[in-house]
Amino acid sequence: MEAILLVGGQGTRLRPLTLSTPKPLLPMAGVPLLEHQLTRAREAGVRRLVFATSYRASMFTEAFGDGSRLGLEIVYCTEEEPLGTAGAIRNAAQALTGGPADPVLVLNGDILSSHDLHAQLAAHRKADAAVTLHLTLVDDARRYGAVPTAPDGRVLAFVEKSPNPPTNQVNAGCYIFRRSVIDEIPEGRVVSAEYEVFPGLLAAGEPIYGYVEAAYWLDVGTPAAFVKGASDLVTGAMTSPVVSGAEHGVLCLDGAFIAASAQVGGGTTVGEGARVGEKARVESSVLFDGAVVESGARVVRSVIGKNARICAGAVLEDVVIGDGATIGPGNELRSGLRVWPGVELPPMAVRFSHDA
Ligand code: GDD
Ligand code: MG
């Protein structure tokens with residue numbers, strides 16, 4: 001089976017991390033986020049992939065080249081201006097080699113999922129569907145596409161990002177399309193799969209089916225989700241064939257250093273050449289390459305960008321620090337705060353109010 005990877009988005013919700021790197025290439029447990037999906041697709045029998053790129057397209061070629069490193073064949077279709085999810089699928093289809101009746105796997109580029117691709121394909125074939133969507137259950141469907149289904153799995157509606165979703169069953173961002181359905185998507189303009197193509201196919205009475213599986217699933221589109229995905233890969237709550245060497249809830253990459261009296265755990269990645277000083281505490285966090293957490297600092301559920309420096313005694317909880325930033329001693333940053341790359345926060349500049 002051939003696959004199209006949707007990797008052209010700007011990843012705005014993950015700024016500032018995505019200012020320099022597209023979301024699917026952010027390092028997660030030691031490899032680009034996308035690599036976890038690529039190896040799962042390969043294990044399910046996918047050999048040839050078309051990357052639908054736009055934002056910082058050349059970085060994908062640098063990271064994956066022709067795919068041979070991963071035992072895959074990868075080709076690239078780049079949109080000068082982003083064409084939307086379905087426009088991107090249509091544009092990438094020019095590089096497919098299969099016939100009109102062949103199934104084409106389409107994947108959002110920011111998903112960690114352990115669902116059974118074979119079973120999804122089997123369901124697609126059995127129903128002779130135009131499209132079969134992987135559906136999963138979430139607590140709050142407002143950030144996703146809500147997809148109610150009939151008892152036989154037939155999709156009844158597609159309601160993208162509604163304040164009042166009709167169900168908690170959502171589009172998990174992994175589709176199998178009949179090739180001829182892709183060829184019907186209008187060419188050369190912006191088209192949304194979620195707002196235009198799926199509702200249009202349903203209105204036309206096309207057989208769209210849901211494949212429901214509640215396996216591990218996460219959309220890594222926000223800082224909180226990014227931290228959760230990375231820590232789940234390190235603790236083993238999510239298994240990926242490309243994660244190796246994690247021990248006691250810590251993944252230490254080449255040249256990383258953790259001082260003897262530091263406490264590091266809860267699914268933390270310490271990037272290449274990153275350092276954690278004496279008596280520092282780092283929990284469920286991601287330290288990108290070269291990041292430094294000095295002595296006595298505390299970092300919880302946070303992402304520390306490349307070569308950023310967290311000075312002695314600073315406290316960080318649920319925050320994102322951009323590449324090369326310095327957080328001076330004694331600062332206390334919490335609750336979704338984001339520091340832009342290169343910023344130098346003076347000592348004691350920000351404190352969190354405990355009175356609120
Ligand atoms: N090539 C290309 N061109 N790719 C795009 C474009 C584009 O114009 N726009 C978005 N993408 C890619 C993104 O890079 C990402 O990998 C994928 O399409 C989905 O975009 P997101 O921005 O992550 O969408 P979302 O998370 O808000 O919602 C989507 O995913 C949810 C599941 O995670 C929707 O498909 C929802 O219905 C779904 O529930
Ligand atoms: Mg997403």
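First listed ligand is number 1; within each ligand, the first listed atom is number 1. Counting begins at 1 with the first residue of the sequence.
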Between Arg13 and ligand 1, which residue portion shows a heavy-atom distance shorter than 4.0 Å: side chain, backbone, both, or neither? side chain
Of the backbone atoms (N, CA, C, O) and the side-chain heavy atoms from C-beta on, which set of Tyr175 has a member under 4.0 Å from an atom of ligand 1: side chain, backbone, both, or neither? side chain
Does ligand 1 come near enough to Glu160 that some N or O of the ligand is less than 3.5 Å from an N or O of the residue? yes
N or O pair under 3.5 Å between Pro82 and ligand 1: no
From atom 9 (N) of ligand 1, work out which of Thr136, Leu33, Thr85 has a heavy atom at the shortest distance. Thr85
Mind checking whether Gly173 has an N or O less than 3.5 Å away from an N or O of ligand 1? no
Closest non-hydrogen atom pair, Cys311 against Gly328: CB-C, 3.7 Å
Mark whether atom 27 (O) of ligand 1 lies under 4.0 angstrom from at least one protein heavy atom. yes
Closest non-hydrogen atom pair, Arg56 against Pro22: CB-CG, 3.8 Å
Min N/O separation Ala88 to ligand 1 under 3.5 Å: no
Any nitrogen or oxygen of Ala52, main chain or side chain, under 3.5 Å from a nitrogen or oxygen of ligand 1? yes
What are the two closest heavy atoms between Thr269 and Leu253, and how far apart are they? CG2-CD1, 4.2 Å
Following the transitive rule for hydrophobic clusters with a side-chain heavy-atom cut-off under 4.5 Å over Ile, Leu, Val, Met, Phe, Trp and Tyr, establish whether Val212 and Leu105 coincide in one cluster. no
So which atom in Trp340 and which in Ala325 form the shortest heavy-atom distance, rounded to 0.1 Å? O-CB, 3.8 Å
Among the clusters formed by ILVMFWY side chains lying less than 4.5 Å apart, do Leu117 and Phe177 turn up in the same one? no
Is the shortest distance from a Lys or Arg side-chain nitrogen in Arg301 or Glu317 to a carboxylate oxygen in the other one below 4.0 Å? yes
Report yes if Ala172 has an N/O atom closer than 3.5 Å to an N/O atom of ligand 1; otherwise report no. no
Does an N or O anywhere in Asp110 fall below 3.5 Å from an N or O of ligand 1? yes
Any nitrogen or oxygen of Val170, main chain or side chain, under 3.5 Å from a nitrogen or oxygen of ligand 1? no
Nearest protein heavy atom with distance in Å, relative to atom 29 (C) of ligand 1: Asn108 ND2, 3.6 Å
Nearest heavy-atom contact between Met1 and Leu121 is SD-CD1, 3.8 Å
Classify the contact between Ile111 and ligand 1 as side chain, backbone, both or neither, using a heavy-atom distance cut-off of under 4.0 Å. side chain
Val264-Met28 co-clustered via ILVMFWY side chain contacts under 4.5 Å: no
Tell me the contacting part of Phe198 for ligand 1: side chain, backbone, both, or neither, using a 4.0 Å heavy-atom threshold, strictly below. neither
From CA spacing to verdict: side chain to side chain contact (heavy atoms under 4.5 Å, CB included), Val181, Val197: CA-CA 10 Å; Val181 173; Val197 170; 5.6 Å; no
List the atom of Val220, the atom of Leu14, and the distance in Å for their closest heavy-atom pair. O-CD1, 3.3 Å
Within less than 2.8 Å of the Mg ion (ligand 2), how many protein N/O/S atoms are there? 2
When you measure from the side chain of Thr132 to the backbone N and O of Ile176, does any donor-acceptor pair fall under 3.5 Å? no
With heavy atoms only and a cut-off of under 4.0 Å, state how Lys23 meets ligand 1: side chain, backbone, both or neither. side chain
Option of least heavy-atom distance to atom 31 (C) of ligand 1 (set: Asn171, Val220, Ile89): Asn171
Ring geometry between Phe64 and Phe51 (parallel below 30°, tilted from 30 to 60°, perpendicular above 60°): perpendicular
Yes or no: does Gly221 have any heavy atom under 4.0 Å from an atom of ligand 1? no
To which of His134, Lys161, Arg143, Glu81 does the heavy atom nearest atom 25 (P) of ligand 1 belong? Lys161
For ligand 1, does Leu6 get within less than 4.0 Å through its side chain, its backbone, both, or neither, judged by non-hydrogen atoms? both
Does the plane of the ring in Tyr211 sit parallel, tilted or perpendicular to the ring in His115? Use 30° and 60° as the thresholds. tilted
Can a salt bridge be assigned to the pair Glu294 and Arg309 using a cut-off of 4.0 Å between side-chain N and carboxylate O? yes
Give me the nearest non-hydrogen protein atom to atom 5 (C) of ligand 1 as residue plus atom name, then the distance to 0.1 Å. Gly9 N, 3.6 Å
Honestly, for Ser54 the part within reach of ligand 1 (heavy atoms, under 4.0 Å) is neither
